[in-house]
Amino acid sequence: MQDYLSGLNEPQREAVTYLNGPLMIIAGAGSGKTKVLTTRIAHLLNKGVDAFNILALTFTNKAAAEMKERIEKILGNSEARNLYIGTFHSVFSRILRAEAHKLGYPNNFTIYDTDDSRSVLKTVINELNLDDKHYKPSVVHSRISQAKNSLVGPAEYAQDYYIQQEDMRSNRPAIAQVYQAYTARCFKNGAMDFDDLLLKMYDLLKDFPDALHKYQHKFKYVMIDEYQDTNTVQYQITKLLAAVHENICVVGDDAQSIYSFRGATIENILQFQKDYDDVKVIKLEQNYRSTQSILNVANEVIKNNKGQIPKALWTENDGGEKIRLVRTMTDNDEGRFVADTIQEQKLRNHYFNRDFAILYRTNAQSRSFEESLRRMGIAYRIYGGVSFYQRKEIKDMIAYLRLIINTRDEEALKRVINYPVRGIGKTTIEKAMVIANEQNITFWEVLTRAGEFGFKAGTLEIIQNFVTMIRYFQSMLETKNAYDVAVQVGKHTNLVKELFSDKTVEGLARYENVQALLNSIKEWVDDRNNRAQIDEDGILTPEAEAQAGAEAAMAAQGNTNGAGAASLGAYLQQITLLTDADDDKENADVVKLMTIHAAKGLEFSVVFVGGVEETLFPSAMSINTREELEEERRLFYVAVTRAKARLWLTYANARYRFGNLVQNEPSRFLEELPAAHIDKSYAGGGARNQSPSSNMGSGFERMQRGFGGGGDNSIQYNDAGNRRPETGNRKLETGNSKPPYLQLKPTAPQTVAHVPAADFVPSDTTNLQEGQKVEHQKFGFGMVTKIEGSAHNPIATVKFDQNGEKKIMLNYAKLRIVG
DNA sequence: AATTAGCGCTTTTTT
DNA sequence: AGCGCTAATT
């Protein structure tokens with residue numbers, strides 16, 4: 001019997017059983033969307049569709065894992081593990097792992113994260129002689145990212161009138177060249193950035209008819225979650241994939257579209273209905289998650305947005321408590337209020353830590369909540385922010401692993417070549433870079449052929465030892481799994497020892513972090529090996545299939561991989577795409593702290609939304625156009641609809657920003673709340689002050705705790721009692737106070753590039769005389785005009801042919817005496 | 001070459 | 001306030 005259908009309401013059941021042809025599900029917040037998706041897939045499998053023929057694209061890897069699990073539960077077998085299910089990025093990286101050679105990339109290509117991308121950009125920007133102060137890697141990156149997500153390549157970028165106008169206006173006309181150079185560099189490094197995972201997938205389908213044919217027929221059923229947050233590339237890819245069978249089901253909610261900053265466009269939802277002849281549209285409008293009060297607040301606020309897809313979200317749930325609005329003096333008070341309230345609610349309503357979530361607009365806001373929770377001894381976990389994998393010591397370790405897998409990965413190479421310190425300094429690295437660029441070979445090849453390029457004997461030996469070491473690690477790939485290789489790397493590079501010998505507090509933490517990384521690799525390896533055993537029926541899982549592709553490619557390079565599914569290459573493939581949310585210690589009893597963006601798709605019994613203030617929420621960056629503001633409002637809608645039972649909205653009179661206390665007005669969104677469902681007794685007299693002068697007075701009100709109960713043990717949410725906030729003189733950035741910079745670096749202090757002779761050997765300069773001719777590695781040829789300083793610290797003044805007069809400290813600088 | 005002092009920038013949100 | 005990067009120092 002198909003009893004899994006019985007627990008569904010009418011539109012849900014319709015969505016589950018409508019299997020063929022284009023289908024669009026408009027799923028309101030908390031309307032059982034995940035349930036519908038999982039049941040729908042289970043239904044497909046139950047109807048005899050092969051799991052290999054189903055592609056499901058989710059928003060997080062965690063969501064994908066959960067869905068797999070739930071499907072297995074419904075069906076009572078493990079068929080679901082053969083599904084192609086995951087985020088756009090992870091599914092496509094898997095496919096590209098098998099197909100990259102078609103595009104000229106190595107199958108073991110490296111995935112660059114945002115930091116890597118910026119680092120490459122910085123290198124490229126400097127090589128183009130542009131000023132990285134003006135061409136900020138972060139700005140340039142977002143520009144390039146935007147282009148990629150809109151399917152605009154470097155050539156098209158350079159020719160697009162509108163884009164060029166924009167770059168001219170911001171005085172960065174050379175972004176097109178940077179884009180071009182960046183693309184070339186990534187390609188040379190055998191690396192794809194996040195955007196490339198989408199872009200290259202698109203290229204694959206567009207330029208290789210056989211590949212298109214293969215995947216079009218493989219994926220007979222395509223499902224896409226969070227469709228409102230897909231961008232142009234994603235849209236085009238899925239359109240291509242579904243073109244043959246047209247069994248494409250998209251699920252979304254235009255009211256929850258919050259990722260336009262990374263190219264997502266609601267247009268995709270509207271366009272969907274035009275792309276196919278008869279699109280079935282099903283709306284899920286019954287909310288099972290939240291109380292009436294919460295839902296009413298959410299509906300009321302979102303009404304202020306124009307052009308929504310009409311829908312009426314309703315619930316049979318209880319009215320519930322009113323939404324509480326709380327104003328505090330500072331962000332620190334806000335933190336204390338929330339921590340206190342959590343404590344109080346735990347006692348009063350028997351909640352566990354895990355029932356609470358604290359949501360905020362920006363990661364920086366986590367600090368005050370964190371401090372208060374720690375002081376109260378409440379266990380918590382912060383999601384997002386600086387992730388584990390962004391720590392220096394972790395990046396160093398990973399960089400070694402990356403280099404072993406892909407020696408073209410210049411970012412990784414530069415990172416580890418002199419860490420731990422082994423005597424390959426800046427000069428050597430620069431020299432190698434110059435050679436690499438001149439000869440058009442990789443940095444790594446320069447090292448392997450170092451003997452040809454005249455490095456001095458000592459340096460040459462160090463380089464050769466380094467190359468030998470990396471090759472030694474590579475030789476292990478055949479027989480050892482990711483963990484065993486990583487342990488060897490930690491040992492032989494002295495990296496672990498180095499950290500261990502650092503007995504400072506930070507040093508200890510770093511050591512522990514590396515140990516934690518090794519443990520997590522171990523866990524991953526064990527998990528992989530277990531799974532590999534389960535799949536004994538000989539059917540290749542998508543993972544194993546991609547792995548086979550990678551292995552074939554490596555075999556072609558004479559580098560077979562016998563470590564199976566737990567190989568280092570397979571480990572690295574997924575590591576960059578992991579998010580904080582993915583490593584689920586789901587059941588840990590902790591209060592969860594995260595940005596509203598990160599909370600998308602989640603639900604909690606009790607939710608606190610902090611910092612509901614002008615300039616913060618809505619963000620000061622997003623109040624200039626109606627579109628931006630409406631996205632902020634949708635974000636507010638997402639925040640509110642995360643709550644099942646209880647909801648607090650908090651805001652502070654003033655908060656620390658960049659080290660100083662800044663006044664903030666309450667958010668304009670608070671004015672849109674329906675009064676009937678709001679408890680303002682702790683809001684200091686009103687959602688928003690009636691007149692500017694009342695602002696100061698209400699700020700001094702004492703706010704007491706103890707909802708309903710004994711008010712005897714009141715706590716004052718007001719730190720230094722009589723600090724008078726400065727009103728009315730909030731600093732505003734005008735943003736255009738500076739004259740536009742010239743885009744080119746000022747030429748004066750710039751040294752004229754000098755490539756030292758291949759056989760440059762520094763001379764002994766203890767007896768250097770005035771009038772002698774010398775060569776400097778950077779400044780070129782010149783004549784000594786003066787010798788001064790003491791015997792133990794002689795300083796020579798040299799007049800260089802091309803770079804003017806310089807004072808050279810002979811103890812440190814290297815000069816070759818020419819005559 | 002390697003360590004340290006001081007400057008300037010940061011905070012929108014993420015794969 | 002905190003961090004990373006540049007410049008100065010040894």
Side-chain angles (χ1 to χ4, degrees), chain A residues 57-63 86-93 111-115 117-119 122 132-133 136-139 141-142 145 148-149 192-199 226 229-231 233-234 257-264 331 359-368 383-387 389-390 392 418-419 421-429 459 506 574-582 594-600 611 615-623 628 631-632 634-636 638-639 655-662 733 749 792-793 809 811-814:
Chain A
L57 297 166
T58 59
F59 201 68
T60 62
N61 292 307
K62 188 178 148 206
T87 61
F88 277 89
H89 290 84
S90 66
V91 168
F92 294 165
S93 88
I111 299 172
Y112 278 167
D113 67 13
T114 307
D115 287 344
S117 297
R118 288 185 185 167
S119 167
K122 192 174 177 188
D132 62 22
K133 290 266 160 51
K136 282 191 216 142
S138 58
V139 172
H141 183 235
S142 85
S145 179
K148 285 185 173 181
N149 283 320
M192 295 193 197
D193 66 15
F194 284 142
D195 303 317
D196 285 334
L197 294 178
L198 307 176
L199 194 58
E226 308 285 8
D229 286 325
T230 52
N231 58 35
V233 211
Q234 293 171 323
S257 161
I258 54 175
Y259 279 97
S260 75
F261 69 90
R262 70 176 196 206
D331 48 351
L359 309 180
Y360 35 77
R361 178 69 241 266
T362 66
N363 281 304
Q365 284 166 258
S366 68
R367 200 209 82 251
S368 61
Y383 290 80
V386 182
S387 102
Y389 295 100
Q390 283 178 300
K392 288 164 238 75
N418 200 33
Y419 181 80
V421 179
R422 55 173 66 86
I424 302 183
K426 210 171 146 191
T427 353
T428 309
I429 293 172
T459 311
E506 308 88 57
Q574 48 95 47
I575 198 72
T576 321
L577 299 174
L578 272 190
T579 24
D580 244 26
D582 291 330
M594 64 186 87
T595 63
I596 299 162
H597 282 90
K600 184 164 104 143
T615 71
L616 195 58
F617 195 14
S619 160
M621 315 291 212
S622 309
I623 50 173
E628 286 172 344
E631 176 145 324
E632 294 286 308
R634 290 192 293 270
L635 198 53
F636 188 80
V638 169
R655 70 175 57 239
Y656 285 92
R657 240 176 164 179
F658 307 134
N660 36 11
L661 203 62
V662 179
E733 290 293 329
H792 62 272
N793 186 24
M809 295 175 82
N811 281 348
Y812 305 108
K814 288 168 186 131

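Just the heavy atoms: all of them, side chains too, but no hydrogens, waters or symmetry mates, feed the values below. Protein chains get the first letters and strands the later ones, always in sequence-line order, with residue 1 at the start of each.
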query: Which comes earlier along DNA chain B counting from the 5' end, the contact point of A:His141 or that of A:Ala364, where each point is its nearest nucleotide?
result: A:Ala364
- request: For the residue pair A:Gln390 and A:Asp115, establish whether any side-chain heavy-atom pair is separated by less than 4.5 Å.
  value: yes
- prompt: Do the side-chain N or O atoms of A:Ser90 get closer than 4.0 angstrom to the phosphate oxygens (OP1, OP2) of B:dT15?
  reply: no
query: Would you say A:Thr595 reaches B:dT14's phosphate, i.e. side-chain N/O to OP1/OP2 under 4.0 Å?
result: yes
message: How many whole angstroms separate atom CD of A:Glu628 from atom C1' of B:dT13?
response: 12 Å
- prompt: Are any side-chain N or O atoms of A:Ser145 and backbone N or O atoms of A:Ser142, one a donor and one an acceptor, separated by less than 3.5 Å?
  reply: no
query: Roughly how many Å is it from CZ in A:Arg655 to C1' in B:dT12, rounded to a whole number?
result: 14 Å
query: So which one's nearest nucleotide on DNA chain B is more toward 5', A:Val421 or A:Leu616?
result: A:Val421
query: Between A:Leu635 (CG) and B:dT14 (P), how many Å, whole number?
result: 10 Å
- prompt: To the nearest Å, how far apart are A:Asp115 CG and C:dC3 P?
  reply: 16 Å
Atom pair distance, as rounded to whole Å: NZ in A:Lys148 and P in B:dT15: 18 Å
task: Could you tell me whether A:Lys136 contacts a base, only the sugar-phosphate backbone, or nothing, with contacts defined as non-hydrogen atoms closer than 4.0 Å?
output: sugar-phosphate
message: Can you see if the side chain of A:Asn363 gets near the phosphate of B:dT12 - specifically, an N or O under 4.0 Å from OP1 or OP2?
response: no
- prompt: With a 4.0 Å cut-off on heavy atoms, is A:Ser622 in touch with a base, just the backbone sugar-phosphate, or nothing at all?
  reply: base
- request: Return the nearest nucleotide to the side chain of A:His597; candidates are B:dT11, B:dT13, B:dA2.
  value: B:dT13
- prompt: B:dT15 C1' sits how many Å from A:Asn149 CG, rounded?
  reply: 10 Å
message: Strictly distance-based, threshold 3.5 Å: is any side-chain N or O of A:Glu631 a donor or acceptor partner for the main-chain N or O of A:Glu628?
response: no
statement: Closest of C:dA1, B:dT12, B:dT15 to the A:Met621 side chain is B:dT12
- prompt: Do we count A:Phe261 as stacking onto B:dT13 if the rule is ring centres under 5.5 Å and planes under 30°?
  reply: yes
message: Quick check for you: among B:dT11, C:dT6, B:dT12, whose closest atom lies nearest to any side-chain atom of A:Glu632?
response: B:dT12
field: Any donor-acceptor pair under 3.5 Å from A:Asp229 side chain to A:Ile258 backbone
entry: yes
message: Considering every strand and a 4.0 Å limit on heavy-atom distances, what is the contact class for A:Phe617: base, sugar-phosphate, or nothing?
response: nothing
- prompt: Does A:Asn418 use its side chain to pair, donor to acceptor, with the backbone of A:Ile424 at less than 3.5 Å?
  reply: yes
- prompt: Looking at A:Lys133, does any N or O in its side chain come under 4.0 Å of the phosphate oxygens OP1/OP2 on B:dC7?
  reply: no
task: Give the nucleotide from the list B:dA1, B:dT13, B:dT14 with an atom nearest to the side chain of A:Arg361.
output: B:dT13
message: Whole angstroms only, please: what is the CZ-P distance between A:Arg657 and B:dT10?
response: 13 Å
query: Does a side-chain heavy-atom distance below 4.5 Å link A:Phe261 with A:Met621?
result: no
- prompt: So which nucleotide from B:dA1, B:dT14, B:dT12 ends up closest to the side chain of A:Thr362?
  reply: B:dT12
statement: To the nearest angstrom, the CG-C1' distance between A:Asp196 and B:dT14 comes to 16 Å
query: A:Thr87 side chain: which of B:dA2, B:dT14, B:dT15 is closest?
result: B:dT15
